[in-house]
Amino acid sequence: MQSQKEKTDDLKDEPLYGVIHSVLRDHLERGALMDGLVLGEASVARAFQTSRMPASIALKRLHKEGLISDFEGRGYLVKGGRRDPPEPRRLDLKQAGLELPAHLAEPRRIRNRRNHIYRAVEHSVAASVVYGRFLLNESALAEHFNVSRTIAHEVLTQLERTGIAVQDRNQRWYAGPLTPGDVAHHFEIRWLLEPEALRQAFPHLSKSELVRRRDRVRRGPASRIEPGELERIERDLHHDTLAHCPNTTLLQAIARSQLVIVVIHSTFVSFQRTPELLKMFAEHRQIYDALLDGNPESAAAALEAHLRRALRPNLDLLARLEPRADAHRPPYLVPAR
């Protein structure tokens, strides 16, 4: 059984939707939230000081697990052990009993606070740029997360360093658009660099961890996969496995183009077709099998082939993308021409 410290460390390493899902699931399983409490994207995002997208992913996972129920209003209901749906109650989640882990609830150090916010902003901005060009409003960002303009500025500066945002000569911040040509260039960088990172990572990989990652690919039907699950499978291979590469400069170059993973799978999951997902899963398993067989060259070749093949279906998805609802756009992202 994990200690409380180990659980907290695990949460710190999880993506934001995973943190929200884990915290809410713990409360629901303990009965710490009243029956009928409405869990909506906006209220959950406000409680965790994040954007609506990770809140939406976490709520969909909880609904899929049967821990919350939908109803005619907006959001989901805490249903407890009742058969009949309880009367909806819209309350501030913290007043209704939500307790956040210490590293979320207590911004004791500015650096920790900034890093927590950065992950939320990076995910939201990266998942928005396929819809066009956006102005990142520094004041609105600070207000949304209830932080100083200094921290908001540091977050935007970090976004610029990772290549997501740029600052014009008038000191305004912009992100996007991500064009089909940009996507193609990012994938080309990845199929050139990721196989080499995998070769260098191979001597440092844990067999037991590789088995767990391969097993996650096998779990569950592709027709019902949630955005968070798909993102986790992609992160397993393209981030966590490659992270063992000792060449950190190589990893940094890869990371600038891997944000496309967040964009593609957070934004396009509703357009994903089962045959394409099954093909992707089979390619991931082939790479893991080669690593487990002690053949890094075969694994690297399979990874390159996987990335080359994946480009076309992702460009097809980009071409079919419909306009995004304003409700899913955080207030600090303003459409720009």
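These figures come from a predicted structure and were not determined experimentally.
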Between S139 and R149, is any side-chain donor less than 3.5 angstrom from a side-chain acceptor?
yes
query: Step by step, would you call L93 with Q95 a side-chain contact (heavy atoms from CB on, under 4.5 Å)?
result: CA-CA 5 Å; L93 298 190; Q95 293 177 354; over 6 Å; no
Quiz item: Taking it one step at a time, do V23 and L98 satisfy side-chain contact (heavy atoms from CB on, under 4.5 Å)?
Solution: CA-CA 9 Å; V23 172; L98 177 66; 4.1 Å; yes
**Message:** Donor-acceptor check, side chain of S298 to backbone of N295, threshold 3.5 angstrom: yes or no?
**Reply:** no
- Message: Using the rule given for salt bridge (charged side-chain N to carboxylate O under 4.0 Å, His left out), can you reason through R312 versus D316, listing the C-alpha separation, both sets of side-chain angles and the distance that settles it, and then say yes or no?
- Response: CA-CA 6 Å; R312 175 46 53 192; D316 291 343; 3.5 Å; yes
Where the side chain of S43 meets the backbone of G40, is there a donor-acceptor pair that is under 3.5 Å apart? yes
Check: D168 side chain, N170 main-chain N or O, donor-acceptor pair, under 3.5 Å:
yes
Give a yes-or-no answer on whether the side chains of E196 and Q200 include a donor-acceptor pair shorter than 3.5 Å.
-> yes
- Please assess Q167 against R172 for the test side-chain contact (heavy atoms from CB on, under 4.5 Å), listing each intermediate value before the final yes or no. CA-CA 5 Å; Q167 190 177 36; R172 290 175 296 202; over 6 Å; no
Q) When you measure from the centre of the six-membered ring of F187, is the NZ or CZ of R190 under 6.0 Å away and within 45° of the axis? A) yes
Heavy atoms from other residues, nucleotides or ligands near CD of E99 exceed 12 (cutoff 6.0 Å): no
**Item:** Donor-acceptor pair, side chain of H21 and main chain of L59, under 3.5 angstrom
**Value:** no
Next item on the list: Answer yes if the side chains of Q258 and H186 hold a donor-acceptor pair under 3.5 Å, and no otherwise.
Entry: no
Item to complete: Find out whether L37 and L77 are in side-chain contact, i.e. whether some heavy atom of one side chain is under 4.5 Å from a heavy atom of the other.
Response: no
Donor-acceptor pair, side chain of D26 and main chain of S22, under 3.5 angstrom:
no
Can you tell me if R89 has over 12 outside heavy atoms packed within less than 6.0 Å of its CZ? no
- prompt: Within a strict 4.5 Å, meaning less than it, do heavy atoms of the V217 and Y288 side chains meet?
  reply: yes
Here the pair of heavy atoms bringing Y174 nearest to L136 is C-CD1, 3.7 Å
With sequence neighbours left out, the residues meeting side chain to side chain donor-acceptor pair (under 3.5 Å) with R214 are D289
> Is there a donor-acceptor pair closer than 3.5 Å between any side-chain N or O of H185 and the backbone N or O of G181?
Replying inline: yes
Do side-chain atoms of D215 reach the backbone of R212 as a donor and acceptor pair under 3.5 angstrom? no
In short, A140 meets P331 closest at the heavy-atom pair CB-O, 4.0 Å
Beyond-backbone contact of Y332 with V155, side-chain heavy atoms, under 4.5 angstrom: no
TODO: Please step through side-chain contact (heavy atoms from CB on, under 4.5 Å) for the pair L307 and H238, ending with a clear verdict.
DONE: CA-CA 10 Å; L307 290 169; H238 297 289; 3.8 Å; yes
Taking every heavy atom of V147 against every heavy atom of A152, the minimum-distance pair comes out as CG2-N, 4.4 Å
>> Within the 4.5 Å heavy-atom criterion, are L291 and L198 side-chain neighbours or not?
In response: yes
Residues 242-253 vs side chain to side chain donor-acceptor pair (under 3.5 Å), sequence neighbours excluded, gives none
Within the 3.5 Å criterion, strictly below it, is a donor on R213 or T241 matched to an acceptor on the partner's side chain? yes
Exercise. Between the side chain of R256 and the main-chain N/O of R161, is any donor-acceptor distance below 3.5 Å?
Worked result: yes
Closest non-hydrogen contact found for A197 with C245 is O-CB, 3.6 Å
